[in-house]
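What follows is one structure encoded as structure tokens, with my remarks underneath.
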Amino acid sequence: MKLLKDILYGTRITEVVGSTHVAIESVVADSRQVKPFGCFVAISGTAVDGHGHIPGAARAGAAAIVCERLPAEEDRKAHVVYVQVEDTRAALGHIAANFHDNPGERLKVIAITGTNGKTTVATLLHRLARMFDRKVGLVSTVENRIVDKVVPATHTTPDPVGLQRLFADMLDAGCTHCFMEASSHALHQHRLAGTPIEGAVFTNITHDHLDYHGDFNGYIAAKKSLFDGLTPSAFALTNADARHHETMVAGTRARTVTYGTQQVADHKSRIIENGWGGLQLHIDGQDLYTRLIGDFNASNLTAVYAVARELGWDMMETLTHLSLLNAPDGRMQQIQSKDGNVHAIVDYAHTPDALRKVLETLNAVRQSGSAAGTTGQESRILCVVGCGGDRDRTKRPVMAQVAADLADLVILTSDNPRGEDPASIIAEMRNGLDPIQARKVTANQDREEAIRSACIQARPGDVVLVAGKGHEKYQEIQGEKQPFDDVAVLTASLMTH
């Protein structure tokens, strides 16, 4: 229980109706969760405006309501304290942090942002820290962890109330650090407000989420806000190989550091070998052998190494532990046919840039001879890919173009169509293809059948890539999440080889 005046610290208040010396027993932004003596924060969302639920929150027993627009005087309830603020999203972060005794101030929070690589970098940092026997937390798209306890993830970055509760639980478990993904949505919605950041990492920025941010400049601004809020005691680590990395740290008060595999950087690695068995890197003068494959994973590993060094962890121990790490589920996850002649990959690649990087990696491995066919035929890449419904439509034709340019056979299919018709999504993808590209492409709305078709067509030495869903265990269709697992379907489909 906290006094309202104490949990309002850090918010920008414009008016208060009532006394802030009132006890608060809970904080929520969902009016359905309001309990007596609770504080309801009315958020103006893209689909629902919480201000419309203020009367219901008052009837449910809320002791305080934080809003951007005060109800008319005749609609106010005597038992409720009304607090008007400039921005309820920003206020919610501070209120939730204060209610949970500001756990972020006692955790060293490392936030990773970027279009691609967030999950891999955050997850590998958590696993690396555990190899050092450090108690740490993880907040990611795939899962949240408190030391080794798994807490299911529903969003890339939880809402402020859930996030602060998670931080508090991490502290109770003895955690010293938390490695977390910071999505552009979360940054734009101020979900990290009230959380001091020890270090921020920028992996890259490419085409994604323009349906939400409006344009690329809005997307960049959302990512950059993470670095704008850093203090002089924090570090800002950016990928020197990525476009806009200098934009991210322009004006930041934090200490700036770079990593990379191509450009001059403070933490530099070079790829020596890249094959099905993994990567060999030369990093800061030392050799690193790792099970991960792909140029982009060389970049991800370099980022992890750089964070570890910035946190003061021993270089040789860090490299030793890195060599033992596996990729997170659904990130370049390898599966082999029963006879070992067909390689298959499941990857979360759902943006044009991510898909391009995966396919370029598979082409590089194939051309190196490590995927050579046993029958003398040239090995091929068969790509199963789709685009999600009710999301950025502008990337659909680009995804099809990338697949057709870099794969030998492409099967367009369903990928979380949500409220849209899968056939319409596939048609929009096809619109990006020229006649030559179109010859490589077929379509099957049934994702399971599409995966099976790719496996049936695969010859010895071929590579099957199933892209877009990665770790997800469902298909979202017409508002329902139906069980579906790319890895399970692909594994079963390869049993005939």
Side-chain angles (χ1 to χ4, degrees), residues 7-12 27-29 41 43 45 66 85-115 117-119 121-122 125-126 136-141 144-146 151 153-171 175 177-203 205 209 212-213 218-238 248-249 251-254 307:
I7 67 172
L8 290 173
Y9 182 78
T11 62
R12 296 186 175 183
V27 174
V28 298
V41 183
I43 302 294
V66 179
V85 297
E86 291 182 7
D87 185 334
T88 49
R89 286 193 182 279
L92 179 59
H94 290 285
I95 290 169
N98 292 332
F99 184 80
H100 288 283
D101 294 322
N102 298 291
E105 293 182 355
R106 286 163 286 160
L107 274 175
K108 289 187 176 181
V109 178
I110 310 299
I112 300 98
T113 196
T115 306
K118 296 187 298 295
T119 298
V121 172
L125 278 166
H126 180 271
V136 293
L138 171 68
V139 179
S140 81
T141 302
N144 303 320
R145 280 184 177 262
I146 301 173
V151 181
T154 56
H155 296 81
T156 300
T157 312
D159 67 85
V161 177
L163 183 62
Q164 296 300 329
R165 187 184 303 118
L166 194 57
F167 285 161
D169 290 342
M170 288 177 186
L171 277 179
C175 292
H177 296 71
C178 174
F179 303 104
M180 68 175 297
E181 296 184 47
S183 69
S184 59
H185 289 71
L187 293 168
H188 182 260
Q189 294 170 8
H190 304 290
R191 293 186 212 164
L192 273 67
T195 300
I197 304 298
E198 175 80 8
V201 182
F202 169 70
T203 58
I205 189 163
H209 301 308
Y212 177 86
H213 295 288
Y219 185 38
I220 290 174
K223 298 288 189 187
K224 178 173 165 46
S225 66
L226 175 63
F227 298 87
D228 292 342
L230 297 176
T231 65
S233 61
F235 67 84
L237 176 67
T238 60
M248 289 295 136
V249 293
T252 187
R253 295 179 294 163
V307 170

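Only heavy atoms go into these numbers, but all of them, side chains included; no hydrogens, no water, no symmetry mates.
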Exercise for the section: Let me see the working for V28 and V161 under side-chain contact (heavy atoms from CB on, under 4.5 Å), right down to the final yes or no. Expected result: CA-CA 7 Å; V28 298; V161 177; 5.8 Å; no
Practice task
List the atom of A91, the atom of V85, and the distance in Å for their closest heavy-atom pair.
Solution key: CB-CG2, 4.0 Å
Problem - From V139, V136, L138, residue fulfilling side-chain contact (heavy atoms from CB on, under 4.5 Å) relative to M170 - result: V139
Handout entry: Minimum side-chain heavy-atom gap T113-V201 below 4.5 Å
Key = no
Exercise for the section: Please list, chain by chain and in numerical order, all residues satisfying side-chain contact (heavy atoms from CB on, under 4.5 Å) with D101, sequence neighbours excluded. Expected result: K2, R106
Exercise for the section: Could you tell me whether the side chain of Q164 reaches within less than 4.5 Å of the side chain of P103, counting heavy atoms only? Expected result: yes
Handout entry: Side chains of M180 and L192 in contact at under 4.5 Å (non-hydrogen atoms)
Key = yes
Exercise for the section: First locate atom CG of L166, then atom SG of C175, and finally report the distance between them rounded to the nearest 0.5 Å. Expected result: 9.0 Å
Handout entry: Residues in side-chain contact (heavy atoms from CB on, under 4.5 Å) contact with A234, at least two apart in sequence or another chain
Key = L230, T231, A254
Exercise for the section: Any chance you could measure Q189, atom CD, to S183, atom OG, to the nearest 0.5 Å? Expected result: 7.5 Å
Problem - Heavy-atom closest pair, residues F227 and T238 - result: CE2-CG2, 4.4 Å
Practice task
Indicate the atoms forming the closest heavy-atom contact of K118 with A182, along with that distance.
Solution key: CD-O, 4.0 Å
Practice task
Please report the closest heavy-atom contact between V109 and G104, naming both atoms and the distance.
Solution key: CG2-O, 4.4 Å
Practice task
Start with the C-alpha gap between I110 and F235, add the side-chain angles, then the distance that decides, and say whether side-chain contact (heavy atoms from CB on, under 4.5 Å) holds.
Solution key: CA-CA 9 Å; I110 310 299; F235 67 84; 4.1 Å; yes
Practice task
Could I get the full list of salt bridge (charged side-chain N to carboxylate O under 4.0 Å, His left out) partners for R12, not counting sequence neighbours?
Solution key: E86
Practice task
Could you grab the distance from atom CD1 of I205 to atom CD1 of I220, nearest 0.5 Å is fine?
Solution key: 5.0 Å
Handout entry: Residue pair I43 / V41, side-chain heavy-atom distance below 4.5 Å
Key = yes
Exercise for the section: Quick one: closest heavy-atom pair of A96 and P160, and the distance? Expected result: CB-O, 3.7 Å
Exercise for the section: Would you confirm whether E181, through its side chain, and T141, through its main-chain N or O, come within 3.5 Å as a donor-acceptor pair? Expected result: yes
Completion exercise
Closest non-hydrogen atoms of A222 and S184, given as atom of the first, atom of the second and distance, are CB-O, 3.8 Å
Exercise for the section: For the residue pair H188 and R89, establish whether any side-chain heavy-atom pair is separated by less than 4.5 Å. Expected result: no
Handout entry: From CG (L92) to OG1 (T11), nearest 0.5 Å
Key = 11.0 Å
Completion exercise
Rounded to the nearest 0.5 Å, the CG atom of N102 sits from the CG atom of L107 at a distance of 11.5 Å
Handout entry: Heavy-atom side-chain contact between F202 and V249 under 4.5 Å
Key = no
